[in-house]
Amino acid sequence: TMIKAYLRQGGIRRVRAFVETMQQKGMKPNSVTYNELLDGVIRERPEEMWGVISEMRAVGCRPNHVTCSIVLKSVSKTSRANEVEQALSVVDAMDDPMDEVLLSSICEACIRSGRTDLLRRQLERQGSMQIKGAQTYGSIIRAYGSLNDVDKVWDTWREMRKRCIVPTSVTIGCTVEALAANGQVDAAYELIREQLADPQVRPLVNAVIFCSVLKGFSHRKRFDRVWAVYEEMKAAKLECSVVTFNTLVDACARSGEMGRVPQLLDDMGAQGIEPNLITYTAVIKGYCQHKRLDSAFELLEDMKRSRNLIPDEVTYNTLIDGCARYGMYERGIAVLREMKENGVPPSNFTLSVLVKLASRCKRPDGAFELCEKICAEYGLRLCVHVFNNLIHACTSSGDFPRALKVAARMLGERVRPDTRTYSLLLWGALAERAQDDIAGLLRAAARLPGAHPMLLNAASSAMALTPKGGLSREAVSEALEGIANFSTDKDLAGNLLRELRSASGVSVDPRLPMRLAARR
């Protein structure tokens with residue numbers, strides 16, 4: 001009781017002193033005491049959490065379900081790999097068997113931190129545990145959705161319904177989102193229709209659930225279905241949120257149907273919903289993508305003047321990207337200047353669009369100068385996407401040697417190349433008809449002898465040369481067919497093809513050998 005009182009007053013230090021006094025008087029704190037203390041520490045002084053766990057263990061007090069759930073709450077998307085594993089080690093140290101509440105907490109912690117490797121292992125621990133709560137079913141469905149295991153999503157949903165457990169809005173939402181996010185948007189929509197047909201469940205269906213389907217259809221460019229579903233939502237008189245309308249405005253931007261935006265804004269007003277920064281940024285994005293850059297800048301000024309909204313990094317990046325699309329270098333740099341003056345720090349994404357801006361405006365040197373200046377000013381390290389855009393700036397200006405130097409720098413800074421990195425380098429080498437460079441790049445990506453010496457010398461290991469996502473099949477085909485067309489060594493393309501087919505993880509078009517043979 002005393003501990004709860006101190007915690008309500010925000011007195012973590014007083015709680016720690018009280019626990020020490022208990023021990024001095026021979027009263028051994030139990031798991032309830034430490035769980036209360038842990039809960040308060042995580043809220044106010046999360047860095048002290050592991051010290052409390054150590055104290056628990058020192059007095060022989062083992063963690064229980066509550067302890068584990070509290071520790072798992074501390075796991076976030078910014079948690080380091082070892083921190084997530086450390087949190088799960090508390091679960092492993094527990095004597096009691098797993099229960100469904102704890103299983104739900106484990107699933108949510110692994111999803112938040114993006115540790116799908118640990119998530120699958122934890123789901124296997126479920127074993128024959130009989131789940132009774134719809135909330136836990138929702139967490140398990142979310143977990144299988146994040147693992148892209150649609151069959152398990154369906155199995156879990158059907159098991160819940162077979163056992164006559166009534167889903168909650170959250171459970172339905174988790175299932176619809178898991179299906180839509182994994183490409184089964186029509187199935188997600190049909191699931192909603194089934195729930196609407198069930199009088200017991202119908203009141204649980206809301207606009208948030210529909211939003212997953214709207215987003216799914218929009219991302220797959222099925223805009224006719226987006227508007228049909230929205231009309232259905234209006235007919236059902238569902239109460240939409242700003243998130244729903246932002247999704248619809250984003251669909252307008254993706255489809256080029258910016259003429260729908262005024263009606264959506266009217267619909268928002270009719271429901272008493274004010275557009276927020278995301279709404280305005282989505283409209284700006286639409287204008288930028290569809291040759292209405294002046295309208296985008298006018299909306300920015302209107303937003304700042306009459307709505308008291310402060311543009312964020314996404315807003316500024318969207319405008320810079322719009323300037324890059326239409327070769328408006330000075331205007332893009334002016335946006336960067338305003339961004340910095342307003343205290344919005346550039347990120348790697350900002351750098352990637354700035355490099356694109358400079359490249360499209362035929363200023364490759366400017367791309368490098370911007371990167372060096374902003375990295376020095378804001379302490380940024382270039383990511384793979386910025387390096388790729390720098391490589392593209394070099395190859396598109398006909399400076400392949402400089403592109404190779406960028407790739408070598410990338411490896412030297414321990415940034416792993418990806419599929420696009422090698423595709424850009426191969427296309428640059430093809431433009432130069434540099435057969436030795438092409439062969440070296442292909443061998444480097446496939447971890448074969450004869451890797452490009454510049455990349456091999458810069459890499460920490462041969463493994464560091466392999467691209468994340470593998471080599472593009474199309475890039476391999478273009479590279480080998482290019483060699484077959486211009487190389488004086490008529491055997492080189494065929495020899496490289498045999499080497500690549502023997503390499504692990506390299507996908508080659510099965511029709512490529514026939515096309516190469518036709519060129520001999």
Side-chain angles (χ1 to χ4, degrees), residues 81 114-121 144 146-152 181-183 382-392 395 400 403-404 406-430 434-484 487 489 491-517:
R115 291 299 302 271
T116 53
D117 54 329
L118 298 175
L119 181 57
R120 190 175 294 278
R121 197 184 316 157
Y144 283 126
S146 69
L147 291 170
N148 310 120
D149 193 337
V150 176
D151 289 340
K152 285 288 188 181
N182 283 287
L382 301 187
C383 70
V384 64
H385 306 296
V386 182
F387 276 119
N388 284 346
N389 281 4
L390 286 170
I391 290 170
H392 191 223
T395 56
F400 177 65
L404 281 174
V406 173
R409 174 186 166 185
M410 177 183 184
L411 290 163
E413 293 184 16
R414 294 179 180 264
V415 176
R416 185 181 176 187
D418 63 10
T419 302
R420 183 168 178 250
T421 312
Y422 275 99
S423 295
L424 290 168
L425 289 169
L426 286 167
W427 290 328
L430 272 170
Q435 66 179 43
D436 292 340
D437 287 308
I438 294 171
L441 288 167
L442 290 171
R443 286 169 176 151
R447 281 192 292 164
L448 292 167
H452 199 291
M454 187 179 290
L455 303 191
L456 190 60
N457 291 337
S460 57
S461 66
M463 184 64 191
L465 292 167
T466 58
K468 184 178 181 181
L471 272 172
S472 159
R473 181 186 281 195
E474 291 75 18
V476 170
S477 295
E478 288 183 37
L480 294 183
E481 289 181 79
I483 287 176
S487 177
D489 183 351
D491 295 324
L492 181 57
N495 290 339
L496 281 170
L497 175 61
R498 280 189 289 275
E499 291 177 39
L500 291 171
R501 293 176 85 175
S502 69
S504 173
V506 177
S507 176
V508 177
D509 186 341
R511 294 166 296 183
L512 182 58
M514 190 183 303
R515 294 202 299 271
L516 291 179

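The first residue in the sequence is number 1, and the count goes up from there.
Closest non-hydrogen pair, Leu516 versus Ala484, comes out as CD2-CB, 3.9 Å. The two atoms that bring Gln435 and Ile483 nearest to each other are O-CD1, 4.3 Å, heavy atoms only. Shown here for Ala464 and Leu411, the closest heavy-atom pair between the two residues is O-CD2, 3.5 Å. Among all heavy-atom pairs drawn from Leu430 and Gly482, the shortest one is CD2-CA, 3.8 Å. Closest approach of Thr395 and Ala403 over heavy atoms only: CG2-CB, 3.8 Å. Counting all heavy atoms, side chain and backbone alike, Gly428 lies closest to Phe400 at C-CD1, 3.6 Å.
Residues Asp509 and Arg515 form a side-chain contact, since some pair of their non-hydrogen atoms from C-beta on lies under 4.5 Å apart. Inter-residue side-chain proximity for Leu480 and Leu496 is flagged as met; some heavy-atom pair is nearer than 4.5 Å. By the 4.5 Å heavy-atom criterion applied to side chains, Tyr144 and Asn182 are not counted as neighbours. Using a 4.5 Å heavy-atom cutoff, the side chains of Leu442 and Val506 are not in contact. Taking the side chain as every heavy atom from C-beta outward, Asn495 and Asp489 never approach each other to under 4.5 Å. Between Ile391 and Trp427, every side-chain heavy-atom pair lies at or beyond the 4.5 Å cut-off. Between Met410 and Val384 there is a side-chain heavy-atom pair separated by less than 4.5 Å. Contact of the Leu500 side chain with the Leu448 side chain is registered, since non-hydrogen atoms from C-beta on lie closer than 4.5 Å.
With rounding to the nearest 0.5 Å, the separation of CZ in Arg443 from CG in Leu441 is 11.0 Å. The line from CG of Leu492 to CG of Leu497 is 11.0 Å long, rounded to the nearest 0.5 Å. With values rounded to the nearest 0.5 angstrom, Glu478 atom CD is found 8.5 Å from Ser423 atom OG. Rounding to the nearest 0.5 Å places CD of Glu474 at 10.5 Å from OG1 of Thr419. Residue Leu119 holds its CG atom at 4.5 Å from CG of Leu147, rounded to the nearest 0.5 Å. Note that CD1 of Ile438 is 11.0 Å distant from CG of Leu425, once rounded to the nearest 0.5 Å.
In this structure, Arg409 places its CZ atom where more than 12 heavy-atom neighbours from other residues, nucleotides or ligands lie under 6.0 Å away.
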Steps toward salt bridge (Lys or Arg N to Asp or Glu O under 4.0 Å) verdict (Asp418, Arg420): CA-CA 6 Å; Asp418 63 10; Arg420 183 168 178 250; over 6 Å; no
Candidate pair Lys468 and Thr421, rule side-chain contact (heavy atoms from CB on, under 4.5 Å), full reasoning: CA-CA 9 Å; Lys468 184 178 181 181; Thr421 312; over 6 Å; no
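For the residue pair Arg447/Thr466, the side-chain donor-acceptor check at 3.5 Å is not satisfied.
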